[in-house]
Amino acid sequence: MDAGVTVVQAEPGLAEAAQLFKILGHESRLRLLRLIGDRPRTVGELADLTDMSQPLVSQHLRSLRQGGLVTAERSGKEVTYEIADTHVTHVIADAVAHVLEE
């Protein structure tokens, strides 16, 4: 190795941040997060608001749950989803503001 080259170790958290962006990298999941960020919602509500099928909404919500971005609370047959951490709503809002800047 060249004596003038400094190797920089991977920064803690970068791999996890990359995984977060991978989960956020789908427009439908961003839309669901924006809606859940307003208030907790059920799969049926989300399907109606997004014009997606309930199975598709459920599939996206499963990804969001696995990523720790939403939580779910069951009441009988109904499951209500809410944002697990408001940081994610800020990340999405900042990203949208960034792309809308002139």
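Everything quoted here is computed from the prediction, not taken from an experiment. FYI, side chains are in, hydrogens and waters are out, and symmetry mates aren't considered; it's all heavy atoms of this structure.
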Exercise. Do you reckon Leu14 sits in the same ILVMFWY cluster as Phe21, going by side-chain contacts under 4.5 Å, direct or chained?
Worked result: no
Exercise. Run the side-chain contact (heavy atoms from CB on, under 4.5 Å) check on Arg29 and Ile23 step by step: do they pass?
Worked result: CA-CA 8 Å; Arg29 287 195 281 270; Ile23 295 166; 4.3 Å; yes
Exercise. For the residue pair Arg41 and Leu35, what are the closest heavy atoms and their distance?
Worked result: NE-O, 2.9 Å
Seminar exercise, completed: Rounded to the nearest 0.5 Å, the NE2 atom of His26 sits from the CG atom of Leu64 at a distance of 10.5 Å
Exercise. Are the side chains of Leu33 and Leu24 in touch, meaning some heavy atoms are under 4.5 Å apart?
Worked result: yes
Seminar exercise, completed: In terms of heavy-atom contacts, Thr80 and Pro40 come closest through CG2-CB, 3.5 Å
For this session: Could you go through the side-chain contact (heavy atoms from CB on, under 4.5 Å) check for Leu61 and Ile36 one step at a time?
Result: CA-CA 10 Å; Leu61 290 170; Ile36 296 168; 3.7 Å; yes
Exercise. So does Glu27 pair up with Arg31, basic N to acidic O under 4.0 Å?
Worked result: yes
For this session: Could you check Arg34 against Thr89 for side-chain contact (heavy atoms from CB on, under 4.5 Å), going step by step and ending with a plain yes or no?
Result: CA-CA 7 Å; Arg34 295 278 277 205; Thr89 58; over 6 Å; no
Exercise. Which pair of heavy atoms, one from Met52 and one from Leu56, lies closest together, and at what distance?
Worked result: SD-CD2, 3.9 Å
For this session: Taking the side chain as every heavy atom from C-beta outward, state whether Thr71 and Tyr81 have any atom pair closer than 4.5 Å.
Result: no
Problem set entry | Nearest atoms (heavy-atom pairs only) where Ser53 meets Ala47 | C-CB, 4.3 Å
Problem set entry | Closest contact, heavy atoms only, Val43 versus Gln54 | CG1-O, 3.8 Å
Exercise. Got a second to check how far Thr50's OG1 is from Glu45's CD, nearest 0.5 Å?
Worked result: 11.5 Å
Exercise. Taking it one step at a time, do Leu69 and Asp85 satisfy side-chain contact (heavy atoms from CB on, under 4.5 Å)?
Worked result: CA-CA 7 Å; Leu69 302 179; Asp85 183 342; over 6 Å; no
Exercise. Atom OG in Ser28, atom CG in Leu46: separation rounded to 0.5 Å?
Worked result: 11.5 Å
For this session: Could you tell me whether a side-chain N or O of Glu78 sits under 3.5 Å from a main-chain N or O of Ser75, the two making a donor and an acceptor?
Result: no
Problem set entry | Heavy-atom pair with the smallest gap, counting every atom of Arg65 and Val70 | CG-CG2, 3.5 Å
